[in-house]
Amino acid sequence: NIYIERFWRTLKYENIYLNDYQTVPELKSGIKEYIEFYNRGRLHQSLDYKTPAEVYFGQQTVPSDECLVDNGLIHQAKQQLKTGAAGSLN
């Protein structure tokens with residue numbers, strides 16, 4: 001299934017390869033946090049820059065601090081959601 005394969009690729013490139021997990025519990029915790037971020041904090045181009053949670057539940061969600069990775073784009077997107085500003089992410 002292409003969707004699952006793409007998810008695993010994204011998980012590896014955006015989380016596992018970037019973190020130096022030393023123990024299995026640390027890895028499990030990191031993956032759990034990433035999946036929370038993926039579903040509630042990461043904007044998806046294929047979903048018209050909405051989160052999967054927004055699409056599935058039919059409402060706008062503001063991600064919790066635990067699921068945010070502050071890489072600039074995420075912070076900017078969160079601010080745009082709060083202010084209702086439209087436009088592209090720089």
Side-chain angles (χ1 to χ4, degrees):
N1 184 328
I2 189 66
Y3 300 109
I4 297 301
E5 290 175 17
R6 180 66 184 176
F7 168 75
W8 285 117
R9 180 185 184 276
T10 301
L11 174 68
K12 289 188 292 186
Y13 280 90
E14 291 185 5
N15 184 275
I16 294 173
Y17 294 159
L18 299 178
N19 293 289
D20 186 25
Y21 295 117
Q22 298 295 314
T23 65
V24 172
E26 190 177 287
L27 173 65
K28 285 181 178 181
S29 176
I31 290 174
K32 181 180 178 182
E33 288 175 13
Y34 180 78
I35 291 173
E36 177 70 19
F37 162 72
Y38 185 88
N39 287 324
R40 298 190 179 277
R42 185 179 185 274
L43 303 177
H44 295 251
Q45 182 180 9
S46 64
L47 300 177
D48 197 25
Y49 296 97
K50 296 178 183 173
T51 67
E54 289 174 323
V55 172
Y56 183 78
F57 296 114
Q59 60 189 9
Q60 185 176 21
T61 61
V62 176
S64 63
D65 291 339
E66 302 89 52
C67 69
L68 286 179
V69 175
D70 190 9
N71 65 8
L73 289 177
I74 299 301
H75 178 71
Q76 184 179 356
K78 186 176 180 183
Q79 292 303 318
Q80 288 180 352
L81 284 173
K82 285 182 179 178
T83 61
S88 64
L89 299 176
N90 297 334

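Hydrogens, waters and symmetry mates play no part in the numbers below; they use all other heavy atoms, side chains included. Here the structure is a predicted model, which is why all the values come from computation and not from measurement.
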### Query
Can you tell me if Thr10 uses its side chain to pair, donor with acceptor, with the backbone of Arg6 under 3.5 Å?
yes
### Message
I'd like to check Lys50 versus Tyr56 (side-chain heavy atoms, cut-off strictly below 4.5 Å). Are they in contact?
### Response
no
### Expected output: side-chain Asn19 to main-chain Tyr21 donor-acceptor under 3.5 Å
no
### Message
Same cluster or not: Phe37 versus Ile4, using hydrophobic residues (I, L, V, M, F, W, Y) connected whenever any side-chain heavy atoms lie under 4.5 Å apart?
### Response
yes
### Query
When clusters are formed by joining ILVMFWY residues with side-chain heavy atoms under 4.5 Å apart, either directly or through shared neighbours, do Leu27 and Leu11 land in the same one?
yes
### Query
Out of curiosity, Tyr38 OH to Ile31 CD1, how far, rounded to the nearest 0.5 Å?
14.0 Å
### Which residues share a salt bridge (Lys or Arg N to Asp or Glu O under 4.0 Å) with Glu26, sequence neighbours left out
none
### Task
Say whether Tyr17 and Ile35 are linked into one hydrophobic cluster, either directly or through other cluster members, by side-chain heavy-atom distances under 4.5 angstrom.
yes
### Query
With the 4.5 Å side-chain cut-off for hydrophobic clustering, are Tyr34 and Trp8 part of the same group?
yes
### Query
For the residue pair Pro52 and Arg42, what are the closest heavy atoms and their distance?
CD-O, 4.1 Å
#### Entry: From CZ (Arg9) to CD (Glu14), nearest 0.5 Å
9.0 Å
### Query
Does a side-chain heavy-atom distance below 4.5 Å link Ile2 with Glu5?
yes
### Query
Honestly curious: do Tyr13 and Phe7 fall in one hydrophobic cluster under the side-chain, below-4.5 Å linking rule?
yes
